[in-house]
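Chain naming here is simple, since letters A, B, ... match the order of the sequence lines and numbering starts at 1 in each. What you see is a predicted model, and the numbers here were worked out from it, not measured in a lab.
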Protein chains: 2
Amino acid sequence: MTEPIRLLLADDQALVRGALAALLSLEPDLTVVAEVSRGDEVVPEALRTGPDVALLDVEMPGLDGVAATAALRAALPSCRVLVVTTFGRPGYLRRAMEAGANGFVVKDTPARQLADAVRRVHAGLRVVDPALAAETLATGPSPLTERETEVLRTARGGGTVAELAATLHLSEGTVRNHLSAAIGKTGARNRADAVRVAEANGWLLG
Amino acid sequence: MTEPIRLLLADDQALVRGALAALLSLEPDLTVVAEVSRGDEVVPEALRTGPDVALLDVEMPGLDGVAATAALRAALPSCRVLVVTTFGRPGYLRRAMEAGANGFVVKDTPARQLADAVRRVHAGLRVVDPALAAETLATGPSPLTERETEVLRTARGGGTVAELAATLHLSEGTVRNHLSAAIGKTGARNRADAVRVAEANGWLLG
DNA sequence: GTGACCGCCTGACAAATGTCACGGCCGGAA
DNA sequence: TTCCGGCCGTGACATTTGTCAGGCGGTCAC
């Protein structure tokens, strides 16, 4: 038998991380060589342990999974990346693929399929949930401009326009205008609704 | 050796559910006899398989984990309940304990401790993260009245006051007043902020 | 070059939101 | 009983929010 596939696991929830390790260790051709809980630990640990495939969660402290994907692909091109995420948000898939991910799996998929996804990614194939891929293509890229995204992202905290304007160094009128544009583009009724829609589509990463 | 502890797993994310099953099956004295993905499947499946301990996630479709706890304790009192949740929200812990849960574990805890938690719960002990327990006591119960909670819960969708008033069969002024009270009690600046705070504390379950 | 277009920025105005003071209702304390 | 306090419901008022028309600067096609 050939050498087993060496895996790095990155997930901020220790219980999930450990459980995934147990699940994947059941496969004789897979071995977990590293586990980290933060996005900014991915590259150092990968350089130290030299995994063949990295399983990265999107929601992580320090550095989100998409940014970690880009950093890891740059630092260790031989290591494939399989993004594993809770939320099947179109924007996440798009951004992850643009960042160089080789596969994208949501945590709803049956456990038995995970090992196969790892093997396919390791073999150089792309792994993507077909339904999510279709939704991503249908949704299209984010219609929001950079400033609109930034304003909406800041508005998540629930502050008033005056506060947003202060932190962004803009006039209140400008902030209101960006918010209005975002509301229109997302088809929302509200600032709060616009935040919800944009977040659900994965347009507020970062 | 005595009979192994029989487990029921309830989590809406198939991958996490399967991974937890793999993790717990490594222990010789534990055996997973049932897995469900929805809260409303917990009681029927438990009645069919007769587990000793049920591991329930809080966030589930059909019936949330707290309601499932209450239903399970009523339908099968011999089965202990260990609630396993992503978010360490004070309100969740309080509500779960009031519903009759025997233990409460967040998904941040190390994987090795999960099996011990199961054994302790099975032995009749209570298992609670001390830090979360302290935070729960410090935070206290929800300061929101029933109506305020209901209005705030409905306001999550991001609708306008007129819509809220229509769905709740109230006057617009009344809705505004409840929202204002909720904003004051949560220390928020905004309706949106109040929703965030209440949700973070686990005050909007249901 | 120049015109069309797009994103960014801003102030004025209408519409919504949040605050306040008030009255009715119910349950417990004096 | 009567009083008190909490919750619910409501309308009037000030504040905040969302919309609109418009000015400025850059880029691309022609």
Would you find a donor on one side and an acceptor on the other, under 3.5 Å apart, between the side chain of A:R73 and the backbone of A:C79?
yes

Just compare C:dC8, D:dT19, C:dG18 and give me whichever is closest to any side-chain atom of A:T145.
C:dC8

In whole angstrom, what separates A:H169's NE2 from C:dC8's P?
17 Å

Counting only side-chain N and O atoms of A:S171, is one of them less than 4.0 Å from OP1 or OP2 of C:dG11?
yes

d(CD, A:E146; P, C:dC9) in whole Å
10 Å

Tell me whether the OP1 or OP2 atom of C:dT10 has a side-chain N or O from A:T174 closer than 4.0 Å.
yes

Please report the distance, rounded to the nearest Å, between CD in A:E172 and P in D:dG18.
13 Å

For the CZ atom on A:R120, are there more than 12 heavy atoms of other groups (residues, nucleotides or ligands in this structure) within a distance under 6.0 Å?
no

Whole angstrom value for the distance that separates C1' of C:dA16 from CZ of B:R176
8 Å

Option passing side-chain contact (heavy atoms from CB on, under 4.5 Å) with B:E35 (candidates B:R17, B:E45, B:E41):
B:R17

Atom-pair distance (CG on B:N177; P on C:dA21), nearest Å
12 Å

Residue B:S180, side-chain heavy atoms: nucleotide from C:dC8, D:dG9, C:dT19 that is nearest:
C:dT19

d(A:T31 OG1, A:L7 CG) to nearest 0.5 Å is 7.0 Å

I want to check one thing: is the phosphate of C:dC9, taken as OP1 and OP2, less than 4.0 Å away from some side-chain N or O of A:R147?
yes

Starting at CD of A:E163 and ending at C1' of D:dT17, how long is that distance when rounded to a whole Å?
14 Å

Atom NZ of B:K185 and atom P of D:dG6: how far apart are they, to the nearest Å?
10 Å

Quickly work out the A:D193 CG to D:dG18 P distance and round it to whole Å.
11 Å

